[in-house]
Amino acid sequence: MDPLGKTKQATEATKNAILSKVFKRGDPNSEMLWGVLHIKIIKCNGLRNLDRLGVTSLLLKRKRDKSDPYVTAFINDYRLLKTKHIDDDLDPVFNEEFYCPVAHLAEGVTFKVKDKDLVKDESLGKYTLPVGELIKTVDDADIEADPELSPGDLKRVGVHKVVLLDGKKSHGTFEFFIEFIPTRLLSKTMEVPGVYFKETKGNDVKLYMNADDDGSAPVVKYGGDGDDEKVWTPPRLWRDIYDAICDAKHFVYVAGWSVDTDQYLLRGEELKEAQANGKYSPRIGELLNSKAEEGLVVNLMQWDDYSSNFAFPGMMGTYDEKTREFFKKSKVIARFMNMTGGECNTMLEGQNKKMAFTHHQKYIIVDAPRADGEGRELFAFVGGIDLTEGRWDNRKHPLFRSLQGDHKGDTYTKCFKTSNECGPRQPWHDIHSAVRGPEAIHLALAFEERWTKQGNAGELVSRSRLGLDDESELEHAGNWCAQLSRSIDSRVNSFDPSVKKTTFNHSEEKADWRSMSEKNAKSSKRFETAAASNISPNQCLDRKKGRLVDNSIHMTNIHHIRRAKHFIYIESQYFMGSSFMWDQGTGVKCGNMIAAEIALKICEKIAAKEPFAVYILLPMWMEGIPQANATQGLLYFQRVTIEAMYKQVEDALEARMANSSDYGLKVSDYLNIYCLGTRETAAGNQATGTPATDDEALLAKTRRHQIYIHSKFMIVDDDVALIGTANINQRSMDGCRDSEIMMTSWQPDHLATKESIPKGDIHAFRLHTWASITGQMDEVFRNPSSPECVNAMNKIADENWQKYIGAETVDMESHLLPFPLEFENGKIKPRTGLRDGNFTDTKASVLGKKSMIMPEIFLT
């Protein structure tokens, strides 16, 4: 091996040694499983019959009642999978396959076979596979065969066993296959493998900040060798949506969590012009009615809030009853769809799902004229912004100055008890996207699948008749690639029937299998390899309790975090998950892996001594009165998530400093969390009322408010943008809770390398977003992984923080603030400057408090 190769190998070996210390956390019996567990649940034989004299037999008077088995698999408290249950079978054949991403410190994987019962499921037996059977590192022979390998690199290991449950012949046998594939062997392609929607090419993508982007942000130049060849021109979302609906000739599809028919897509002089001279009203309800009257198929699909009725607007205030009434006698086909339980859910579980979870998807599809004037194409919008109140905003984020202007009749607020007359309104920051080309077909398919399941397929337009169903015919000159992902299951979605026909493959790929001797196993064999060949999922949907689940949003986030080389930028309304990392509450069913994956990626970069930075933008607090029980509960789960990440990163820093001459490293060198806020002086004040509440009186003096982050957005390395409706919480990532949708887009000519980030449109959009929220275009923003950029962002945030909490009221043109938490001596505490550890102008703790009232499944 040449000297350069030996140096690289030594560096990798040191990195692996540091990571091993961090991941083990002093536990000699545990190992870090970071990658994918590919599991096949095959069958059981000779199970015990626990139903013979059980409750089910007595209540249902079944003469031949037997155990109704199903299988789960766990790492500690974290459930990896759950099969369907099979009625009355002591020799059940499951033949179910699962691909489970993992980032867990584990002693083993425990398989539990249970008997489903009406009152309480009973154990039929279990088996724990020690984690040591899945963790094997490369040896000298492997390194000699492949010089790219380094000491400490993990192998791919597979195990196939038939074991005695509980180690007892009388409890029956369980057959399974499991293999661990470490992250280093997983695909790093731009396309996410093994998911329902494949990538499309030949698209044109637009990226939007806020419902309106008024062009007042600092100028952003980008592209070319000097990153200054072009000037970013921000598109305007609601203007584009209005024009697209006006230009539609055949159909308009709208899917939303909330739709307010009274809101205007245009404001100011544009609104006056459209009202005076336009063919169509910019008012949402009137616009859709007008298009339906022209003979277009106009289908609206909105979440049906189970708590709303004709007399009560519902707990979430989504205007579903108002919208239902508005379109009741119109030609618009409005369908209101709630979440539903399935055959395997009890009646109570079904009702809980209707009440607890939502259809959270927000997207629009229309037919549009092609740019070349030849025929029609599909034009789709997808992202975080609903067509409802409070969403129209721009980077100026006025509080009191637009109450009688652009926001008259739209002075939405949920964070304080204030009125439309007194204000302030709640400023809104959000991200959206649009696409023309083949990817718009996938968005149309997503709409059609939901409508078919919960509506009437006969009410959909025939895209084939319109020539809008052929990807090759709709390819665009934009040269963007895109890939759609969702969180949704077969209870509320009609998947392609061919997916259900996926055959179960009993045999694993050809490998060097070796038989193993084990006391409690009838048969046991294993293989291990250092090669990455033949790793390709043979299914595109997950399964839970036997039903099909599309959890590709979660998989897509994990995939792109794992392939990150330089930096990650995230905006999210919520940030909670990876409960298996928490110091307490590890059994909370909030196991999405985003927080863990970010922390492990940072640890990997710290160990490798490579520059890397993560920037996360969150709301100061989640929408709601901050001292309310639900809001405090949300803040609690978010805080323990952040604390777990900080601790893991701190462990990596300490391990690196203990193994090198480096010193003084801190978590904020790599990981920083921010929020947005604004203040404005009384100049131009348009408040007209007399303060009637304590909040109104106080805010009229302090004249400040958080800018609410509603985005669901991630950029990795400036080469890929993930924009949709999914927050970073279990509701959005689970696949069986809220329904969500997301589009991932990239330009294949502008991809990151190990040495540099690209200078395409995603790069420009990120720079534009940062310039907008900071009020400046600092040249160090061009290299976000650099210490100079991290320091600059933190300096801007700290200076703004002093303005925000200060006694003097000022106009803030720069809105970036540090998140109101600090990390010190392994613990999270309120940020310095907050009185009694409370948010400004409130008596609400920034740390949150675990709710004793709200169920965790509602909050996470």
Side-chain angles (χ1 to χ4, degrees), residues 238-266 271 274-275 277-305 308-310 313 318-338 359 361-369 375-382 385-389 440-441 443-469 492 494:
W238 277 20
R239 174 80 239 190
D240 284 357
I241 289 176
Y242 172 71
D243 291 341
I245 294 175
C246 290
D247 289 342
K249 297 298 182 185
H250 300 289
F251 74 95
V252 177
Y253 289 165
V254 178
W257 177 79
S258 173
V259 175
D260 183 1
T261 54
D262 285 334
Q263 293 304 315
Y264 290 94
L265 292 172
L266 305 180
L271 173 58
Q275 289 174 322
N277 303 311
K279 182 179 179 181
Y280 302 103
S281 169
R283 201 172 190 173
I284 292 169
E286 294 172 357
L287 175 61
L288 295 179
N289 268 342
S290 296
K291 300 305 291 187
E293 287 293 333
E294 289 182 356
L296 278 74
V297 174
V298 180
N299 288 1
L300 169 67
M301 183 165 60
Q302 184 176 343
W303 175 52
D304 188 359
D305 184 347
S308 67
N309 54 51
F310 69 93
T318 59
Y319 294 107
D320 57 327
E321 296 301 327
K322 174 184 172 182
T323 306
R324 191 194 313 266
E325 186 63 26
F326 184 90
F327 291 121
K328 193 173 183 179
K329 296 181 181 180
S330 81
K331 293 183 180 179
V332 172
I333 306 172
R335 296 285 177 258
F336 299 86
M337 303 175 183
N338 53 36
H359 279 303
Q361 297 178 340
K362 330 167 198 301
Y363 56 108
I364 298 168
I365 310 118
V366 301
D367 68 287
R376 311 290 291 179
E377 65 179 353
L378 294 177
F379 189 13
F381 301 83
V382 59
I385 304 178
D386 272 300
L387 300 181
T388 194
E389 67 169 344
I441 291 180
L443 279 154
L445 284 169
F447 188 96
E448 292 160 357
E449 287 185 357
R450 266 190 62 192
W451 192 280
T452 298
K453 183 70 175 185
Q454 292 192 278
N456 180 351
E459 296 165 338
L460 296 165
V461 73
S462 171
R463 288 188 293 106
S464 60
R465 180 178 58 83
L466 299 174
L468 298 174
D469 64 336
V492 292
S494 180

Which heavy atom in [X] sits nearest to a heavy atom in [Y], and how many Å separate them?
| X | Y | result |
| --- | --- | --- |
| Gly285 | Phe327 | O-CE2, 3.8 Å |
| Leu266 | Ala274 | CD1-CB, 3.9 Å |
| Met337 | Gly455 | CE-N, 4.1 Å |
| Glu448 | Thr452 | O-OG1, 2.7 Å |

Roughly how far, to the nearest 0.5 Å, is [atom2] of [Y] from [atom1] of [X]?
| X | Y | atom1 | atom2 | value |
| --- | --- | --- | --- | --- |
| Trp257 | Tyr319 | CH2 | OH | 10.5 Å |
| Tyr264 | Leu287 | OH | CG | 12.0 Å |
| Leu288 | Leu387 | CG | CG | 8.0 Å |
| Ser330 | Glu293 | OG | CD | 7.5 Å |
| Arg463 | Arg376 | CZ | CZ | 15.5 Å |
| Asn289 | Ile284 | CG | CD1 | 12.5 Å |

With sequence neighbours excluded, residues passing side chain to side chain donor-acceptor pair (under 3.5 Å) with [X]:
| X | result |
| --- | --- |
| Tyr242 | none |
| Asn299 | none |
| Gln263 | Asp260, Arg267 |
| Arg324 | Asp304, Glu321 |

* Backbone of Val259 reached by a side-chain donor or acceptor of Thr323 within 3.5 Å ->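 Yes.
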* Asked: Taking Asp367 for the side chain and Leu378 for the main chain, is one N or O donor matched with an acceptor at less than 3.5 Å?
  ->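 A pair under 3.5 Å: no.
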* I would like to know whether Lys331 and Leu296 meet side-chain contact (heavy atoms from CB on, under 4.5 Å); could you show each step before the answer? => CA-CA 9 Å; Lys331 293 183 180 179; Leu296 278 74; over 6 Å; no
Quiz question: by atom type and distance under 3.5 Å, do the side chains of [X] and [Y] form a donor-acceptor pair?
| X | Y | value |
| --- | --- | --- |
| Trp451 | Glu459 | yes |
| Ser258 | Thr388 | yes |
| His359 | Gln302 | no |

Salt bridge (Lys or Arg N to Asp or Glu O under 4.0 Å) partners of [X], counting only residues at least two apart:
| X | answer |
| --- | --- |
| Asp469 | none |
| Lys249 | none |
| Lys453 | none |
| Glu449 | Arg486 |

* **His250 vs Val366 side-chain heavy atoms within contact, under 4.5 Å** =>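 Heavy-atom side-chain distance check fails, nothing below 4.5 Å.
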* **Sub-4.5 Å side-chain heavy-atom contact between Ile385 and Trp238** =>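 The answer is yes, as the side chains (C-beta and beyond) meet within the 4.5 Å cut-off.
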* To do: Could you walk me through whether Leu460 and Val297 pass side-chain contact (heavy atoms from CB on, under 4.5 Å), step by step?
  => CA-CA 8 Å; Leu460 296 165; Val297 174; over 6 Å; no
* Asked: For Tyr363, what residues pass the ring pair (Phe, Tyr, Trp, His ring centres under 6.0 Å) criterion, not counting sequence neighbours?
  ->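 Testing Tyr363 for ring pair (Phe, Tyr, Trp, His ring centres under 6.0 Å), a comparison that skips the adjacent residues, returns none.
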* Asked: Of all residues at least two apart in sequence or in a different chain, which pass the ring pair (Phe, Tyr, Trp, His ring centres under 6.0 Å) check with Phe251?
  ->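 Counting only residues at least two positions away or on another chain, Phe251 forms a ring pair (Phe, Tyr, Trp, His ring centres under 6.0 Å) with Tyr253.
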* Is it true that Glu294 and Lys291 make a salt bridge, defined as a side-chain N closer than 4.0 Å to a carboxylate O? ->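 Looking at Glu294 and Lys291, the cut-off is met.
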* Asked: Step by step, would you call Asp305 with Phe336 a side-chain contact (heavy atoms from CB on, under 4.5 Å)?
  -> CA-CA 9 Å; Asp305 184 347; Phe336 299 86; over 6 Å; no
* Asked: How would you list, by chain and number, every residue that makes a side chain to side chain contact (heavy atoms under 4.5 Å, CB included) with Glu286, sequence neighbours excluded?
  ->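 For Glu286 the side chain to side chain contact (heavy atoms under 4.5 Å, CB included) partners, ignoring immediate neighbours, are Ser281, Arg283.
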* To do: Report the residue from Leu443, Leu468, Leu445, Ile441 that forms a side chain to side chain contact (heavy atoms under 4.5 Å, CB included) with Ile365.
  =>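 Testing Ile365 for a side chain to side chain contact (heavy atoms under 4.5 Å, CB included) against Leu443, Leu468, Leu445, Ile441 leaves exactly one candidate, Leu443.
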* Asked: Yes or no on side-chain contact (heavy atoms from CB on, under 4.5 Å) for Val492 and Gln454, after CA distance, side-chain angles and deciding distance?
  -> CA-CA 6 Å; Val492 292; Gln454 292 192 278; 3.6 Å; yes
